[in-house]
2 protein chains.
Amino acid sequence: MSASIQNLSGLDRVIHEPARLMLVTLLSAVESADFLYLLKESDLTKGNLSVHLSKLEEAGYIEAEKTFRGKMPHTEYRLTSKGKSAFDQYRKNLSSVLGVKSK
Amino acid sequence: MSASIQNLSGLDRVIHEPARLMLVTLLSAVESADFLYLLKESDLTKGNLSVHLSKLEEAGYIEAEKTFRGKMPHTEYRLTSKGKSAFDQYRKNLSSVLGVKSK
DNA sequence: CAAACTAGTTTGTATAATAAACTAGTTTAC
DNA sequence: GTAAACTAGTTTATTATACAAACTAGTTTG
């Protein structure tokens, strides 16, 4: 019981931040997504979206594939397998709290 | 679907912070608890425990009942009804992430 | 009477999230 | 053909936060 409580202190901060939790959740539902899609779905500002995507990339949880659509740059973001398992682990740790109804 | 994603941006930050999530979870399981109990179960330092308890108190999520046991001060902390419903709401908002299996 | 304990508060530092401003090029409307 | 709007971000600066460590103040135990 107190073992599952201790899971909470070790929650992955990279994923735990609401903005990034949103992004990871969004990306876990699709193959890949571009900047504009994430911008609209997340309702973040461009700056914040950029920074949070960078943090997720630094952590190795997502990867960005930069290409050109005609002459326009186009970037697709997708969860890596590392990102997927980190998200799975995060959900496991949290479900110990959320799963148990106290009342 | 994207409605539930938006729930994540509105996550209650007071509860979301892992240290406080731990405390709220601990307090939701018992009638009340004292400082030493929370200190041991949460594995926080005294300073952090004190600060986090103050934040929860400011938010109206817990209340502290200060008494004396003989000559020693003794404080019992308990979740308020506001705290209970905030925790319930928090868990509902998060369930959009925890509930849907992506794979 | 000194050390350890209860129950914290205060302070200082380091990390962080956020918004706003900026960059650089492309496309569309007039 | 040029100004406005769009894509796709990055950089900067401000604010907030968490955290550890030091401090306070009294009490109890050896």
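By convention in this document, chain letters (A, B, ...) are assigned in the order of the sequence lines, proteins followed by strands, and residues within each chain are numbered from 1.
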- Length of the line joining Arg20(A):CZ and dT15(C):C1', which is rounded to integer Å: 12 Å
- Footprint string (nucleotides 21-29 of chain C, 5' to 3'): B base within contact, S backbone only, - free, heavy atoms under 4.0 Å: -----SS--
- Determine yes or no for a side-chain-to-main-chain donor-acceptor pair under 3.5 angstrom, with Ser32(A) supplying the side chain and Glu76(A) the backbone. no
- Query: Are OP1 or OP2 of dA20(D) and a side-chain N or O of Asn48(B) less than 4.0 angstrom apart?
  - Reply: yes
- Just how far, in rounded Å, is P of dC19(D) from CG of Asp43(B)? 12 Å
- Message: Applying salt bridge (charged side-chain N to carboxylate O under 4.0 Å, His left out) as the test, list every pair that has at least one member in residues 15-34 of chain A; sequence neighbours left out.
- Response: Glu17(A)-Arg13(B), Glu31(A)-Arg78(A)
- Message: By the 4.0 Å heavy-atom rule, please label Leu36(A) as base, sugar-phosphate, or nothing.
- Response: sugar-phosphate
- Item | Spacing between Leu49(A) atom CG and dT18(C) atom P, to the nearest angstrom | 12 Å
- Measure from the side chain of Ser50(B), starting at C-beta and using heavy atoms only, and say which of dT17(D), dA20(D), dT9(C) lies closest. dT9(C)
- Task: List the atom of Leu8(B), the atom of Leu94(B), and the distance in Å for their closest heavy-atom pair.
- Result: CD2-CD2, 4.0 Å
- Message: I'd like to know if the side chain of Thr25(A) and the backbone of Leu21(A) have a donor-acceptor N/O pair within less than 3.5 Å.
- Response: yes
- Out of dT10(C), dT18(C), dA18(D), minimum distance to the side chain of Val51(B) belongs to dT10(C)
- Item | Side-chain donor/acceptor of Ser85(A) to backbone N/O of Ser81(A), under 3.5 Å | yes
- Item | Euclidean distance, atom CD of residue Glu58(B) to atom P of dT9(C) [Å, nearest integer] | 11 Å
- Item | Contact under 4.0 Å: Thr45(A) side-chain N or O vs dT18(C) OP1/OP2 | no
- Tyr37(A), Met72(A): one ILVMFWY side-chain cluster at the under-4.5 Å cut-off? no
- Rounded off to whole Å, could you give me the NZ-to-C1' distance for the Lys55(A) and dT11(D) pair? 14 Å
- Task: Considering just the side-chain nitrogens and oxygens of His52(B), establish if one lies under 4.0 Å of OP1 or OP2 belonging to dT17(D).
- Result: no
- Message: Rounded to whole Å, please give me the gap between CG in Leu53(A) and P in dT11(D).
- Response: 15 Å
- Query: Any side-chain N or O of Arg13(B) less than 4.0 Å from the OP1 or OP2 oxygen of dT17(D)?
  - Reply: no
- Query: Can the ring centres of His16(A) and Tyr90(A) be said to be less than 6.0 Å apart?
  - Reply: yes
- Closest-nucleotide ordering on DNA chain C, the 5'-leading residue of Pro18(A) and Tyr77(B): Tyr77(B)
